[in-house]
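Here's the structure we're looking at; comments come further down.
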2 protein chains.
Amino acid sequence: MARKRFDNSNCSVARALNEVGDWWSLLIVLHAMYGTRRFVDFQQQLGIAKNILCDRLTRLVENGVLHKVDVGEHGCRYEYRLTDKGRDLFPVVVALRQWGDKWNPAPEQGPLDLRDKATSRPIRSVQVLDADGNPLDLRDVFVPEHTEGHG
Amino acid sequence: MARKRFDNSNCSVARALNEVGDWWSLLIVLHAMYGTRRFVDFQQQLGIAKNILCDRLTRLVENGVLHKVDVGEHGCRYEYRLTDKGRDLFPVVVALRQWGDKWNPAPEQGPLDLRDKATSRPIRSVQVLDADGNPLDLRDVFVPEHTEGHG
DNA sequence: TCAATTTGGTTTCGTAACGCAACCCTATTG
DNA sequence: CAATAGGGTTGCGTTACGAAACCAAATTGA
């Protein structure tokens with residue numbers, strides 16, 4: 001049977017995963033955040049098959065995460081750029097990166113050192129915060145009864 | 001050829017996606033965060049095939065995201081519980097949920113209303129913050145030269 | 001002007017993953 | 001001792017993925 005898709009799922013996480021939850025999409029977004037814009041650059045940096053890259057880029061454009069710009073410059077004719085929606089994945093990517101750095105550190109790669117352009121100081125780690133800005137663990141929170149629903 | 005895996009990738013996002021970046025794993029973690037622990041409950045709530053669920057649970061246990069507990073109670077004999085590593089995905093899941101709520105809102109489901117158990121006040125949205133706690137956009141940050149490497 | 005190159009794809013084909021249903025084993029319940 | 005439930009495993013058909021080949025338009029180079 002067809003692979004299950006979550007377009008109409010009642011769960012927004014499921015719908016989000018439907019857009020960026022496969023093996024490649026979030027890595028494409030990550031590289032787009034690092035500045036990659038052209039087809040061949042994505043292909044070489046990711047080591048992805050061209051047909052898969054083509055399919056993912058098309059789908060990310062369809063979903064409004066990237067937009068495709070025709071730039072008529074010597075041979076490189078299209079660019080894929082992040083939309084506001086795509087840029088909004090920034091906290092997700094940083095959180096995932098921090099999780100990976102913490103639990104699966106690479107021997108030859110230090111943890112992410114993202115810095116504020118204005119001050120050159122490192123950013124804070126991405127956390128769930130309460131109304132006062134104090135970090136919250138999973139066990140510190142609850143979902144009010146009347147808004148439940150995660151199916 | 002074999003599906004590409006990222007176990008030895010130099011990029012911690014890629015390695016993270018290798019553990020929780022497929023269609024089902026993060027949804028399983030999500031439901032585990034909501035309290036689901038038993039095989040049949042995951043199966044019914046997610047509508048996932050039993051062999052796939054079996055495979056994902058095994059892999060999540062192998063990767064230290066869940067641990068399998070033998071509980072000798074009437075018929076329900078195993079529980080899959082989040083480890084510290086699994087609970088640490090909390091910011092990732094919340095960030096993804098907020099992204100989904102913002103860009104793909106479901107008509108019949110309001111945005112996530114997570115509240116602090118201590119005060120019953122809603123949490124803040126997950127953001128990337130500078131050292132002073134001010135939110136940062138993707139364009140407000142940079143990676144110092146000597147630590148670069150996202151391949 | 002005409003071959004070589006670059007970019008952005010599409011096609012073909014073999015393999016791996018997924019979804020469903022059926023079956024299996026153990027432990028409890030009646 | 002049959003029925004049921006939890007937790008899998010096995011087959012099988014469909015779909016997705018990966019590699020390489022091929023393609024078309026535009027650019028470069030001689």
Side-chain angles (χ1 to χ4, degrees), chain A residues 1-9 14 17-28 31-32 35-63 66-81 151, chain B residues 1-9 14 17-28 31-32 35-63 66-81 151:
Chain A
M1 293 296 109
R3 179 180 211 137
K4 195 153 287 189
R5 309 216 88 113
F6 300 104
D7 309 80
N8 299 317
S9 169
L17 289 174
N18 194 49
E19 296 192 356
V20 294
D22 69 299
W23 288 89
W24 288 115
S25 297
L26 209 58
L27 282 181
I28 291 173
H31 282 251
T36 303
R37 290 179 164 184
R38 282 171 42 242
F39 188 94
V40 282
D41 293 334
F42 282 115
Q43 208 217 319
Q44 289 170 9
Q45 291 169 19
L46 292 167
I48 183 176
K50 290 169 80 175
N51 52 350
I52 304 300
L53 176 59
C54 195
D55 176 77
R56 287 306 173 285
L57 287 174
T58 302
R59 209 141 64 78
L60 287 169
V61 168
E62 281 171 4
N63 288 327
L66 299 175
H67 64 131
K68 189 174 181 176
V69 182
D70 190 335
V71 293
E73 297 175 19
H74 44 43
C76 112
R77 291 169 301 171
Y78 296 110
E79 284 187 359
Y80 295 89
R81 300 183 193 167
Chain B
M1 293 298 112
R3 180 183 210 134
K4 196 154 286 191
R5 311 216 87 111
F6 301 103
D7 309 79
N8 300 317
S9 169
L17 289 174
N18 194 49
E19 296 193 355
V20 295
D22 69 297
W23 288 88
W24 290 114
S25 296
L26 209 59
L27 282 180
I28 291 173
H31 281 252
T36 303
R37 291 181 164 185
R38 283 173 37 243
F39 188 94
V40 283
D41 293 333
F42 282 114
Q43 207 215 321
Q44 288 170 9
Q45 290 169 20
L46 291 166
I48 185 177
K50 289 170 81 175
N51 52 350
I52 304 301
L53 176 58
C54 196
D55 176 77
R56 288 305 173 285
L57 288 174
T58 302
R59 209 141 65 77
L60 287 169
V61 168
E62 280 172 4
N63 288 328
L66 299 175
H67 63 132
K68 189 173 180 176
V69 182
D70 191 336
V71 293
E73 295 175 19
H74 46 42
C76 115
R77 290 169 302 170
Y78 297 108
E79 282 188 0
Y80 295 88
R81 299 184 193 165

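Both backbone and side-chain heavy atoms feed into the values below; hydrogens, waters and symmetry mates do not. Labels below follow one simple rule: chain letters A, B, ... track the order of the sequence lines, proteins then strands, and each chain is numbered from 1.
With rounding to whole Å, B:Asn18 atom CG is found 14 Å from C:dA17 atom C1'. Separating the CG atom of A:Asp55 from the C1' atom of D:dC17 is a distance of 10 Å, rounded to the nearest angstrom. In this structure, B:Ile52 atom CD1 and C:dA16 atom P are separated by 15 Å, rounded to whole Å. Summarising the geometry, the separation between CG on B:Asp70 and C1' on D:dG8 is reported as 14 Å, rounded to the nearest angstrom. The separation between A:Trp24 atom CH2 and D:dG18 atom P is 6 Å, rounded to whole Å. In this structure, CD of B:Gln45 is placed 13 Å from P of D:dG6, rounded to the nearest angstrom. When the C1' atom of C:dG19 is taken as reference, atom CG of B:Leu27 falls 16 Å away, rounded to whole Å. Atom CD in B:Gln43 sits about 13 Å away from atom P in D:dT9, given to the nearest Å.
For the residue pair A:Glu19 / A:Ser25, no side-chain donor-acceptor distance below 3.5 Å is found, with atom types taken as modelled.
Stacking of B:Lys68 on the aromatic ring of B:Tyr80 is not recorded, the 6.0 Å distance cut-off and the 45° axial limit not both being met.
Listed by chain and residue number, A:Arg59 satisfy the side chain to side chain contact (heavy atoms under 4.5 Å, CB included) test with A:Asp55 (two or more places apart in sequence, or in another chain). Applying the side-chain hydrogen bond (donor to acceptor under 3.5 Å, both in side chains) rule to B:Asn51 yields no partners; only residues at least two apart in sequence or on another chain are considered.
Each of C:dC20, D:dG7, D:dC17 was ranked by its minimum atom distance to the side chain of B:Val40; first place goes to D:dG7. Relative to the side chain of A:Ala49, the nucleotides D:dA19, C:dT7, C:dA27 differ in distance, and D:dA19 lies closest.
Using a 4.5 Å heavy-atom cutoff, the side chains of B:Val71 and B:Arg77 are not in contact. Between B:Val20 and B:Leu60 the shortest side-chain heavy-atom distance falls below 4.5 Å.
Checking the phosphate oxygens (OP1, OP2) of D:dG8, no side-chain nitrogen or oxygen of B:Arg77 falls inside 4.0 Å.
A salt bridge (charged side-chain N to carboxylate O under 4.0 Å, His left out) check over residues 41-53 of chain A, counting only residues at least two apart or in different chains, returns the pairs A:Arg38-A:Asp41.
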Check nucleotides 9-12 of chain C against the protein and report each pair of N or O atoms closer than 3.5 Å, with its distance, or say if there are none.
from, atom 1, to, atom 2, distance (Å)
C:dG9, OP1, A:Lys68, NZ, 2.7
C:dG9, OP2, A:Lys68, NZ, 3.4
C:dG9, OP2, A:Tyr80, OH, 2.3
C:dG9, N7, A:Lys50, NZ, 3.1
C:dG9, O6, A:Lys50, NZ, 2.6

